Asker: 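Please read through the structure below; I'll follow up with questions.
Worth saying up front: this structure is predicted, and the values here are computed from it rather than measured. Convention: sequence-line order gives letters A, B, ...; per-chain numbering from 1.
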Number of protein chains: 2
Amino acid sequence: MIYSSELIKGTLKTIILKLLKDNKRMYGYEITQTVKELTAGKIQLTEGALYPSLHALEADGLLTTETEYIGKRVRKYYSLSQQGKIESKQKVNEFSDFLNTMVYLLDIKTNFA
Amino acid sequence: MIYSSELIKGTLKTIILKLLKDNKRMYGYEITQTVKELTAGKIQLTEGALYPSLHALEADGLLTTETEYIGKRVRKYYSLSQQGKIESKQKVNEFSDFLNTMVYLLDIKTNFA
DNA sequence: CAAATATACATAAGTTTATTATGTATTTGT
DNA sequence: ACAAATACATAATAAACTTATGTATATTTG
């Protein structure tokens with residue numbers, strides 16, 4: 001089952017910031033693959049959504065980039081800036097709070113570990 | 001704390017369908033107030049989002065309406081259709097699954113009862 | 001070894017969904 | 001009386017994503 005796209009809306013930046021916090025340094029394509037693996041294919045980030053989002057986070061000063069060449073192919077690594085680390089924490093905390101609220105509101109039976 | 005709007009995006013229809021499942025019959029303004037109360041003000045539905053969403057759900061055949069007059073003021077009650085009941089369950093289940101995935105992906109420490 | 005698939009980036013056009021603003025009108029509280 | 005709350009609705013704008021397209025290199029497979 002792949003989640004309906006509307007469900008994932010608004011969580012993309014949170015996911016990016018969290019992954020970069022855990023992995024120090026990642027490139028775009030790697031992010032899509034990691035998310036796919038970690039969610040058993042349930043969340044599949046599209047490039048059309050991911051790259052503009054990465055650019056926006058960089059423009060906001062939350063990410064820094066390093067470009068490297070693997071053979072002749074370019075690869076652009078993203079890392080959290082100092083501000084990005086703060087924002088990463090805040091975004092995850094906010095989502096966590098939101099999650100609690102939604103569990104209550106929708107009366108969801110949880111089975112989190 | 002009020003959640004950043006992007007976080008709530010995509011959850012509006014799920015919230016509406018769930019509330020109508022629990023309450024049989026509600027009108028728009030009542031929905032905004034109920035959500036506000038149940039979430040301690042953290043989710044405040046705007047009318048500009050709610051009414052078009054209700055109209056869309058009705059157009060999709062998920063909701064039925066009855067108009068009543070309270071004094072001279074009109075009040076439009078919404079109820080789930082048969083299809084709406086099915087969709088309500090599915091939406092909540094999907095969202096529940098999504099939350100589980102996000103808890104794992106974001107490594108969130110939960111404190112549900 | 002040719003073709004298909006995967007890797008890796010990017011952006012533009014279109015759609016969806018919400019925000020903000022505006023409009024109308026009645027009812028209640030002070 | 002006046003302000004705030006109740007109750008609906010819609011239009012203009014903005015945000016965020018999907019879909020489509022484009023370019024190019026590297027690897028796998030029949």
Asker: Starting at atom CG of A:Leu45, determine the distance to atom C1' of C:dC9, rounded to an integer number of angstrom.
Answerer: 16 Å
Asker: Is B:His55 near enough to D:dT10 that one of its side-chain N or O atoms lies under 4.0 angstrom from OP1 or OP2?
Answerer: yes
Asker: Quick check on C:dA10: is either OP1 or OP2 less than 4.0 Å from any side-chain nitrogen or oxygen of A:Lys76?
Answerer: yes
Asker: Between D:dT6, C:dT11, D:dT18, which nucleotide gets closest to the side-chain atoms of A:Ser5?
Answerer: D:dT18
Asker: May I have the distance from A:Glu66 (atom CD) to C:dA8 (atom P), rounded to whole angstrom?
Answerer: 16 Å
Asker: Please confirm whether any donor atom in the side chain of B:Arg73 sits under 3.5 Å from an acceptor in the base of C:dT27, or the reverse.
Answerer: no
Asker: Taking the minimum atom-to-atom distance to the side chain of A:Val74, which one of D:dC17, C:dC9, D:dA9 wins?
Answerer: C:dC9
Asker: Expressed in angstrom and rounded to an integer, what is the separation of A:Tyr77 atom OH from C:dT7 atom C1'?
Answerer: 12 Å
Asker: Checking only heavy atoms, does the side chain of A:Glu6 share a donor-acceptor pair with the base of D:dC17 at less than 3.5 Å?
Answerer: no
Asker: Quickly, which of B:Ile8, B:Ile15, B:Thr39, B:Thr14 forms a side-chain contact (heavy atoms from CB on, under 4.5 Å) with A:Met102? Name it, please.
Answerer: B:Ile15
Asker: Taking it one step at a time, do A:Thr11 and B:Leu106 satisfy side-chain contact (heavy atoms from CB on, under 4.5 Å)?
Answerer: CA-CA 11 Å; A:Thr11 63; B:Leu106 300 184; over 6 Å; no
Asker: According to a 4.5 Å side-chain heavy-atom criterion applied to Ile, Leu, Val, Met, Phe, Trp and Tyr, with indirect links allowed, do B:Val103 and A:Met1 form part of one hydrophobic cluster?
Answerer: yes
Asker: Would you say A:Tyr51 places a side-chain N or O within less than 4.0 Å of OP1 or OP2 belonging to C:dA10?
Answerer: no
Asker: Report yes if the side chains of A:Leu62 and A:Lys13 come closer than 4.5 Å at any heavy-atom pair, otherwise no.
Answerer: no
Asker: Heavy atoms only, 4.0 Å cut-off, all strands: where does B:Gly48 land among base, sugar-phosphate and nothing?
Answerer: base
Asker: To the nearest Å, give me how far apart CG (A:Leu50) and C1' (D:dT18) are.
Answerer: 14 Å
Asker: Starting at the 5' end of DNA chain D, which residue's closest nucleotide do you reach first, B:Ala49 or A:Lys72?
Answerer: B:Ala49
Asker: Determine the contact category for B:Glu30: base if any of its heavy atoms lies under 4.0 Å from a base atom, sugar-phosphate if only primed atoms, P, OP1 or OP2 are that close, otherwise nothing.
Answerer: nothing
Asker: Check the hydrophobic clustering (I, L, V, M, F, W, Y; side-chain heavy atoms under 4.5 Å; chains of links allowed) and say if A:Tyr104 and A:Phe98 are grouped together.
Answerer: yes
Asker: Can you measure B:Leu57 atom CG to C:dT17 atom P for me and round it to whole angstrom units?
Answerer: 10 Å
Asker: Can you check whether B:Tyr27 has a side-chain N or O nearer than 4.0 Å to OP1 or OP2 of D:dC8?
Answerer: no
Asker: Do other residues, nucleotides or ligands put more than 12 heavy atoms under 6.0 Å from B:Gln82 CD?
Answerer: no
Asker: Over how many whole Å does the gap from A:Glu47 atom CD to D:dT19 atom C1' extend?
Answerer: 12 Å
Asker: Remember a base hit wins even if backbone is also touched, and classify B:Leu12 as base, sugar-phosphate or nothing at under 4.0 Å, heavy atoms.
Answerer: sugar-phosphate
Asker: Between A:Glu68 (CD) and C:dC9 (C1'), how many Å, whole number?
Answerer: 15 Å
Asker: To the side chain of A:Lys9, which of C:dA8, C:dT7, C:dT17 is closest?
Answerer: C:dT17
Asker: Distance check needed: C:dA10 C1' versus A:Tyr78 OH, whole Å only.
Answerer: 10 Å
Asker: What's the closest nucleotide to the B:Tyr29 side chain, out of C:dT17, C:dC9, D:dC8?
Answerer: D:dC8
